[in-house]
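In the text below, chain A, chain B and the rest are named by the order of the sequence lines, each starting its count at 1.
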Amino acid sequence: MIFDPTLAVVETRKVFAGEGPGTRAIFYLLSLATLVTFFAGVGLRLRKYYAGRPAAEGRFWRPSRKGEVQDVTTKPGLGAGLMKVATNKTVRRDKPSVGLAHLAVFWGFIGLFLATSILSLDYDIVRNFSRFFLGREYSFYHGPFYLAYNAVFNLAGVAAILGTAHLMGRRAAHKEPQLDYTRAFKPEAGYSRRQFRQGDWLFLWGLMTLFITGFLIQGLRIDEAHFPTFERWTWMGYLVGLAWHGVGVSAGLAAHIHPWIWWFHVLLALGFVAYIPFSKAMHMVTSPANLIVNDPANTRRLPQVPNGHSGYTELADFTPKERLAFDACTKCGRCHQVCPARTAGAPLSPRDLILDLRQWVDRQNHIPALLDREDRPDQSGPLAGETTLAGSVIASRTLWSCTTCMACVEVCPVGIEHVPTIVQMRRSLVDAGDMDPTLQSALQNIAQQGNSFGKSARMRARWTKGLDFTIPDARKEPVEFLWFVGDYASFDDRLQNLSRSVAKILHQAGVSFGILYDGERNAGNDVRRAGEEGLYEMLVEHNMAALSSANFESIFTTDPHSYNTLRNEYPAYGLEKPVRHYSELLTDLVLSGRIPVKALNKTVTYHDPCYLARYNRVMDAPRALIEALGCQLVEMPRNRTGSFCCGAGGGRIWMDDSFLEERPSENRMKEAVALGVDVFTVACPKDFAMFSDAVKTVGQEGKMVVTDIIQLLEEAFDTDRAMAMSVAQPQADGADANPGEGVSSEQGPQ
Amino acid sequence: MRIVVAMRQLADLVEELEVDDSGTDIDREFVKFVSNEWDEAALEEALLIKEQSGAEIVAVALDEPDVDQTLYTAIAKGADKAVKLTGLEEGWVSTHSRAKAIASWLGDQQWDLLLTGVQAADDLDGQLAGILAAQLQVPHAAVVVSAQTEGSSVKVSQELGGGTIVEETIALPAVLGIQTARQAPRYAPITRIRQAMQSGGLEEASVAGDLAEGRPTVRRLYPPEKTGHAEMLTGSASDVADKIIELLRAKGLVKS
């Protein structure tokens, strides 16, 4: 269409209606300066990312890793990442009202950005080009397009204002712990995070003022034009215009005020754009990018040690992906809130860790920041110069506090993977020998005898002595299931009974299973997460040798930690067999009728082990089992992927926890006690040990019973029916028992 | 400054030790051997001296089961050299023979300070350091809890009975039996041990010759035999007291 302002009624408005050529020139010069500043800031960051250590993690285009890791969550990739970004799914999770407010600001801001871009496209590009090349000025900014444009982008503006108002209100009124920037690790000389708080408010008020002044200008313009009917499509601007008129601003006065507010709005808008790369506002770019490169496999299968280093010791060790992740943090504090270490009073907060690393990396790269820095009277922590990373920038106590429970990774709305970075730094602590003496002796024991108990490797299967049958040695005879028993289930006096129960039940159900006897070593999950990569590799080599000498179809474990490394990490070392957890196996056996049970009629609660629920998404099997045993399950408030760690993971079980204000297991036990149930069900040997202690230390002994799922099953076991079945079994065997069931009957009850 | 740390291998006490068919030694076949913990303290003290004032550390051990692991671990921790003394017959080595083997190797070595564990599970009398010093004809101190070199002498702290600590300065060369190092023995990451193993560098030296001279002969090795049982005294406090006095009188330990 041809733009002709002389026509009588054209639904449009003049751009730069009140501004002369001088003003326009200043405007364009300022815009140019703004863009230069913005891209300079972005460039500094890009340079920082590209200076990172090249690593397989975080590659944008990922080759398909079929068979290498069995992914249990959303497949990573561009499409899935963009969906997460567009829907704000990760922001809305667990916090629907905050998420919705953010979604409104997110799309509102995008809408307003589009509005400005479309206007610029029309005014600066289409009109100029058409005039220059065609000799006649074309424009699309009028008529129905103009009306729709205003109606839609008014909605965006209103959404942005409402969303921002909600977020401001929450920040001002609610005293949630994660909104307070108190550090978990308190530096000796003190610290101040005043800038963080100021930066947050600057960001919020900046946006709010920008949105509001936009509408004020629109109202003034409509007031000046004497409220043309078609401007009713600009519904919010029209209302604001009426308000101006209502408070006595006539068309003439409006024309007088307009330039002032216009300049205020323009300067604020340009200033805001220039401020983005140096502030919290940068998350508008970095967080979506990080969500796209996020890969759930990274924590489940830990990254390699950097070449030539034993762990992270210096700036150059950080990968581009990690550097981006540091920049992606919005300080929302959800990780701070869920972290068991922080909750227990340990000096670790995942948020502090990420912010400290970001500030340190930025300082080393000379990237300026606006109200986004911590102040300290001494140059310690994130303010330190070129120094040892692990132990100086991040205190070793902080790094050792992590239970690797992955709650932070799970809950992070922008896809930061804290745990792999923590383990990389732990690796250099191990190399320097900077660790708890009890951890050191556990690692030495594992190196010597393959178990953390320091008992003879040959005594690993001694717990089987109490059985009235012999468990087949999978290295000597073929079995269907290979049971990877694990250290705690093999050596801990309290847990050996549970192991015997598992063996008895499987034996009675006629399941073909075997163990590796003294060929088994600690699976290494927690050794690896403690940062002893060399020892981990040694254990893997040993276990892989034992596994390859055995004849079996699939593996099951009692320990969710062993389960994780066997399932997700051993494939890289050649393991090709499927791995299951005993809760899955037992559930199959009960539901298929292989294990006859009577209803227990108990009311119980269930604790999801981190390495089972969060890491590997095994949540339904234990629940189905509990239900099949006739128990009523009362869920704890923190359940499934939101489960709260017992405090034992990542090697913490080998370290001193007496300095904690409240052990995570005690915190968890209190949560269960508040439900009014008296049975606390677990599906992890370490959990049984941890919570058996906790039930005593919180004074609930005798009132709350900690029970493993195998104990529930043992209690529900229907001996009479089992007897009847075992009599019937030989005929069934003769008639070739049900191969489709997936469980061999070769080892029928004798 | 050249510091020699003499180390030895012992059956891991977490193993179930059994007497072999000969009845004069433990069954070594399936037993895991580990480094003597006091030798580890001696190595740690040597490493501390090296860090403080510089020194070359040589770890030396007889060719006993799993000894490579111990020597490579010493290298991984910071020893500059490790030597395995070969040529001995298999089985238990008496402290005298051990001392003789080490002393004969040291004969053509240049060294300033020899550190070894003050005792071992098979040398609870702590004789090795003393015998070595006698054979080498140099000064000796036992139960040392701190050693710091000062020029051509070493300042040591020795722990005597009743918590008494003696500090003295000994001229080098000298032999010290180490009770504890100034800090707990450091951790050797497996990666470093494996790197040391891959680059090899374990030296071997033969100490053939008659080392059996003066060696005691083991006639019989056996687990402690039950020689009686405890008698529990029951009754009121005064009844028990009467019975005790009666027993003491019967044994002739108190008069009248």
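Side-chain polar atoms of A:Ser456 and B:Glu16 form no donor-acceptor pair below 3.5 angstrom. For the residue pair A:Thr404/A:Tyr611, the side-chain donor-acceptor check at 3.5 Å is satisfied. Between the side chains of B:Gln195 and B:Arg192, no donor N or O sits under 3.5 Å from an acceptor N or O.
In this structure, the portion of B:Arg186 lying under 4.5 Å from any heavy atom of chain A is its backbone and not its side chain. A:Gln444 touches chain B through backbone and side chain together, each having a heavy atom under 4.5 Å away.
Between A:Asp657 atom CG and A:Ile653 atom CD1 the span is 9.5 Å, to the nearest 0.5 Å.
Comparing A:Leu443, A:Asp434, A:Asp431 by how many heavy-atom pairs each has under 4.5 Å with chain B, the most go to A:Asp431. With chain B as the partner, the residue from A:Glu532, A:Glu537, A:Glu533 showing the most heavy-atom pairs under 4.5 Å is A:Glu532. Interface remark: of the candidates A:Gly454, A:Ser310, A:Ala447, A:Gly454 forms the most heavy-atom pairs closer than 4.5 Å to chain B.
No salt bridge links A:Glu569 with A:Arg301; every basic N to acidic carboxylate O contact stays at or beyond 4.0 Å.
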